[in-house]
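Data first, discussion second: the structure below is written as structure tokens.
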Amino acid sequence: MIWNETMECMDRETLRKIQSARLKKIVDYAYHNTPFYRRKMQQMGLTPDDIESIDDIVKLPFTTKLDLRDNYPFGLCAVPMSQICRIHASSGTTGRPTVVAYTRKDLRVWSECVSRCFYAYGASEGDIFQVSYGYGLFTGGLGAHQGAENIGASVIPMSSGNTAKQIQLMHDFGATAICCTPSYALYLAEAIRESGIPLEEFKLRIGAFGAEPWTEGMRAELEEKLGIKAYDIYGLSEVAGPGVGFECECQKGTHLNEDHYFPEIVDPQTLEPVEPGKTGELVFTHLTKEGMPLLRYRTKDLTALHYEKCSCGRTLVRMDRILGRSDDMLIIRGVNVFPSQIESVILEMPQFEAHYLLVVDRVNNTDTMELQVEVRPEFYTDEINRLLEMKKMLHGRLQSVLGLSVDVKLVEPKTIERSTGKAQRVIDKRKL
Ligand code: DLL
């Protein structure tokens, strides 16, 4: 199902014209209303008149998370506070939170984009959405909530945590869609099994999973364990929150709502544009935002874009699964490793569960990486030889895929801490 056929299926030439007109307008708006951008553009000898079409986007300055922190809390707002009606923030690991502010129109656009996602998953007013992303400063809860309400669905505003209650209400209220991180969905699946309530008594059919990288292996696992179809939902607070991108029924990439959030892929080192289909850093420019418009915001997310029309009829660009964030990339003895690559390997083998933890350290000036991974209950055994065999198999497979010797440590089912939000997959002791 398509929520906004005009915008989602428009021919790319017309879309490009709209993007050009919107870019010209937003650059002029940011120049006149955000002193930060006026200064940056003046330093580069640029005026809004230099932007004639979307192709001129490459002339514009980049924006980084550091710029948001330096202008904490509201320095990048383009409107007076009286026009701001919602404030979200993401905590990050150090220092000041990153703050984002929305006008009433920004919230409408955001809901529209999340509605596009849910319609693409085949949800409509007959559905009951259990929103188990955290509510509060995190954009996940309220973002999914507004999108579900906007399509006329019923919403259970659960927020994250309290797993026993999640399951009880999911069962009793007949939730048909669940919105949470894929790692929490896995935890819910386990908890449902342990509750003893047969899966057939649940009405769940759709999962809207995002906020952290996940793999095809994880999708298969979740679909099987929860008896649902699992869809990707992508987003980041700085751009809006959930709903910047979504999968359709074809599941051949994540469509981006590029009429509002214009994507580019650049080489993270040179910042030069990268050709379609090649992996690089995803960068977004707001085309319609009022409260806090950002130009060329560097997401640090690594992916590639594909512009061919999708079989679903949408012409909106599709992005590959996020490989990881450039700042989550581990360099182990010179080899680049993303946790998502390790997840793919683990889930190729039936013996292991998608509960894992990477512990990285430096011993005698050499990087070490230990992978703790849970063995599935049906494969767990006291027989040391069987365990050694499994360990050797996983070690060999990681070696051939990553070109790296990983110290594999098999652990009993349920040993690794479960997350109710974004999972922590890495402990890097080198940085502690
Ligand atoms: O995670 C917004 C969101 C909420 C998206 C609920 C989807 C669902 P932040 O906390 O600002 O916002 O984190 C944004 O999370 O730059 C990616 O690195 C990662 N991320 C988000 N969605 C996906 C996804 C929310 N579907 C950061 N796949 C982004 C992979 C994702 N990574």
Side-chain angles (χ1 to χ4, degrees), residues 63-65 68-69 87-93 97-100 102 110-111 113-114 116-118 120-121 129-148 158-160 177-185 206-216 218-219 222 230-247 251 253-257 261 263 268 279 281-284 292 294 297-304 318-329 338-341 343-344 419-426:
T63 311
T64 64
K65 206 178 193 73
L68 267 74
R69 298 237 165 100
I87 299 161
H88 281 285
S90 64
S91 51
T93 41
T98 312
V99 178
V100 279
Y102 308 71
W110 183 15
S111 293
C113 290
V114 182
R116 291 182 190 178
C117 308
F118 294 162
Y121 306 160
F129 273 73
Q130 180 151 334
V131 178
S132 306
Y133 285 116
Y135 280 64
L137 288 174
F138 179 52
T139 53
L142 280 166
H145 184 117
Q146 321 169 123
M158 275 304 293
S159 198
S160 54
I178 174 90
C179 306
C180 64
T181 58
S183 53
Y184 188 49
I206 293 169
F209 302 134
E212 63 186 9
W214 57 306
T215 56
E216 283 304 316
M218 185 73 142
R219 188 201 312 269
L222 291 170
Y231 294 91
D232 187 43
I233 181 162
Y234 168 80
L236 62 161
S237 341
E238 295 86 334
V239 173
V244 173
F246 60 91
E247 270 181 334
Q251 301 197 315
T254 298
H255 288 283
L256 297 177
N257 284 311
Y261 318 120
T279 301
E281 180 177 340
L282 182 60
V283 169
F284 282 106
M292 221 177 97
L294 300 179
Y297 181 72
R298 293 185 57 189
T299 64
K300 301 257 178 120
D301 289 329
L302 299 173
T303 182
R318 280 169 291 156
M319 82 173 180
D320 288 342
R321 267 184 189 286
I322 303 283
L323 175 62
R325 296 174 56 78
S326 54
D327 41 12
D328 286 347
M329 185 181 79
F338 287 98
S340 59
Q341 293 172 297
E343 181 176 300
S344 296
S419 80
T420 59
K422 296 182 193 243
Q424 196 199 356
R425 307 284 199 200
V426 179

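In each ligand, atom 1 is the first atom listed, and ligand 1 is the first ligand listed. Numbers for residues simply follow the sequence, beginning at 1.
Using 4.0 Å as the threshold, Arg321 has no heavy atom nearer than that to any atom of ligand 1.
Heavy-atom contacts of Gly140 reach the following atoms of ligand 1: 4 (C), 6 (C) (cutoff under 4.0 Å). Within ligand 1, counting atoms from 1 as listed, the ones closer than 4.0 Å to a heavy atom of Ile233 are 7 (C), 8 (C), 22 (N), 24 (C), 26 (N). Of all atoms in ligand 1, listed by their number and element, those nearer than 4.0 Å to a heavy atom of Gly210 are 7 (C), 8 (C), 26 (N).
When only non-hydrogen protein atoms are considered, atom 25 (C) of ligand 1 lies nearest to Gly235 O, 3.6 Å. The nearest heavy-atom contact from the protein to atom 7 (C) of ligand 1 is Ala211 N, 3.3 Å. Counting only heavy atoms of the protein, atom 1 (O) of ligand 1 lies nearest to Lys422 NZ, 2.8 Å. Closest to atom 18 (O) of ligand 1 among all protein heavy atoms lies Asp301 OD1, 2.6 Å. Among all non-hydrogen protein atoms, the one lying nearest atom 28 (N) of ligand 1 is Glu212 O, 3.4 Å. In this structure, atom 11 (O) of ligand 1 lies nearest to the protein heavy atom Ser237 OG, 2.4 Å.
Heavy atoms of Thr139 found under 4.0 angstrom from ligand 1 belong exclusively to the side chain. By the criterion of a heavy-atom distance under 4.0 Å, both the backbone and the side chain of Leu236 are placed next to ligand 1.
Considering backbone and side-chain atoms alike, Arg325 places an N or O below 3.5 Å from some N or O of ligand 1. For ligand 1, the polar-atom distance check against Asp232 finds a nitrogen or oxygen pair separated by under 3.5 Å.
Using a 4.5 Å cut-off on side-chain heavy atoms (C-beta onward), Glu343 and Arg425 make contact.
Leu302 contributes atom CG, which lies 7.0 Å from atom CD of Glu281 (distance to the nearest 0.5 angstrom). Taken from OG in Ser90 to CG in Leu236, the straight-line distance is 9.0 Å, to the nearest 0.5 Å.
No side-chain donor-acceptor contact under 3.5 Å links Thr215 to the backbone of Ser340. Checking side-chain atoms of Thr181 against main-chain N and O of Gly421 turns up a donor-acceptor pair under 3.5 Å. No donor-acceptor distance shorter than 3.5 angstrom exists from the side chain of Asp232 to the backbone of Arg321, with no hydrogens or angles considered.
Side-chain contact of Glu212 with Ser183: a donor-acceptor pair under 3.5 Å is present, judged by distance alone.
Between His88 and Trp110, the ring planes are perpendicular. Angles over 60° get that label, and only those under 30° would be called parallel. Between His255 and Phe246, the ring planes are tilted. Angles from 30° to 60° get that label.
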